[in-house]
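Presented below is the structure to which this report refers.
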Amino acid sequence: MSAVAGALATYAAAGRERVNAALAKRLADLGTAPPRLAEAMHYAVLGDGKRVRPLLALAAHGAVGGAGDGVLAAAGAVELIHCYSLVHDDLPAMDDDALRRGRPTCHVAFDEATAILVGDGLQALAFGWLAEAPLPAETRARLVAELAAAAGPSGMVGGQQADMEAAAGPRDLDHLRYIHAHKTGALLTCAVRMGAIAGGAGAEALTALTAFGERIGLAFQVADDVLDVTADTGRLGKTAGKDAAQNKLTFPALVGLDAARTMAATLKDEALARLERFGEAAEPLRQLAAYVVERSR
Ligand code: GRG
């Protein structure tokens with residue numbers, strides 16, 4: 001393993017442990033929730049996720065000199081929204097998938113109605129967590145607004161609708177960029193922004209980190225499209241080759257595999273250029289940017 005890969009592995013392992021502990025704590029007390037719903041919510045969140053979004057939030061927080069545990073609410077909330085989106089995306093009415101994070105999807109392990117309610121419950125839990133975060137009231141309100149915008153109809157949910165309608169829509173790069181920037185990119189950019197806001201970022205720093213997040217968000221999805229073609233189901237922990245089987249609009253389908261790989265690398269370089277002003281403090285963000293495009297699952 002190279003020195004850079006080793007440093008990222010150490011950073012990511014520590015970050016995942018911190019985030020997983022916070023998620024487990026948040027899910028430990030679901031009040032009067034029926035046991036089956038609570039069990040299914042644990043199942044949906046506490047599996048083998050890469051935790052890319054929380055790691056981006058922690059790294060952005062560090063880049064702007066943030067300290068303390070308030071950021072864990074931002075990191076955890078964005079992961080809860082991501083987990084809800086995966087549960088709903090896997091439903092028969094959407095992507096209809098049976099495998100996620102190396103095990104049966106939530107609706108297969110439990111049932112469809114429970115899986116719908118799991119997503120609904122996780123979404124509510126995410127916003128409740130932000131509202132109670134140990135951060136100034138103004139920061140909490142900003143974080144709630146950020147996540148609502150990124151997850152909502154002008155963000156992830158809108159991107160998902162456009163993705164479902166893509167078979168009947170235009171098959172061109174502009175439309176694909178719209179879908180990916182909203183379905184996947186909005187939440188990744190939001191993770192970066194939330195970490196920075198929790199760390200007290202000023203306007204200029206936030207602008208630079210937003211530009212970083214937008215490029216990394218798109219690069220993540222281009223890499224995901226490539227992996228769907230090149231990786232196998234065992235490694236991915238989800239069904240490989242589905243995009244082609246479902247005639248999905250993807251970067252490899254539109255421009256070919258090599259051009260898609262080049263596009264991801266270019267987006268990464270553009271993203272890295274936005275980090276210059278942060279110096280050494282942005283090293284984890286740089287390493288995460290490389291991981292996003294070079295990952296194998
Ligand atoms: C259902 C509202 C709603 C939205 C769904 C996230 C999403 C939008 C759809 C998932 C479909 C998909 C496979 C998108 C590709 C990019 C993506 C989000 C992959 C999964 O994220 P990872 O790789 O997963 O970060 P882990 O399991 O590591 O957290």
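Being a predicted model, the structure only gives us computed values, none of them experimental. Remember, it's 1-based here, ligands and their atoms both numbered in the order they're listed.
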Next on the checklist: Distance alone, cut at 3.5 Å: any donor-acceptor contact between the side chains of D97 and T105?
Outcome noted: no
Checklist entry - Would E79 and R16 pass as an ion pair if we require N to O under 4.0 Å? => result no
Next on the checklist: Closer than 4.0 angstrom, basic N to acidic O: yes or no for R36 and E39?
Outcome noted: no
Next on the checklist: Filter on ring pair (Phe, Tyr, Trp, His ring centres under 6.0 Å), then keep only pairs touching residues 39-77, sequence neighbours left out; what's left?
Outcome noted: Y43-F110
Check each N or O atom of ligand 1 against all protein N or O atoms and list the pairs under 3.5 Å, with atom names and distances to 0.1 Å, one per line.
{"residue": "ligand 1", "atom": "21 (O)", "partner": "R53", "partner atom": "NH2", "Å": "3.4"}
{"residue": "ligand 1", "atom": "23 (O)", "partner": "K50", "partner atom": "NZ", "Å": "2.5"}
{"residue": "ligand 1", "atom": "25 (O)", "partner": "R53", "partner atom": "NH1", "Å": "2.8"}
{"residue": "ligand 1", "atom": "25 (O)", "partner": "R53", "partner atom": "NH2", "Å": "3.4"}
{"residue": "ligand 1", "atom": "27 (O)", "partner": "R101", "partner atom": "NE", "Å": "2.8"}
{"residue": "ligand 1", "atom": "28 (O)", "partner": "K50", "partner atom": "N", "Å": "2.9"}
{"residue": "ligand 1", "atom": "28 (O)", "partner": "K50", "partner atom": "NZ", "Å": "2.9"}
{"residue": "ligand 1", "atom": "29 (O)", "partner": "H82", "partner atom": "NE2", "Å": "2.7"}
{"residue": "ligand 1", "atom": "29 (O)", "partner": "R101", "partner atom": "NH2", "Å": "2.7"}

Next on the checklist: Please find the pair of heavy atoms, one from R53 and one from L187, that lie closest to each other, and give the distance.
Outcome noted: CD-CD2, 4.2 Å
Next on the checklist: Against R100, only a single residue in D48, D90, D95 fulfils side chain to side chain donor-acceptor pair (under 3.5 Å); can you say which?
Outcome noted: D90
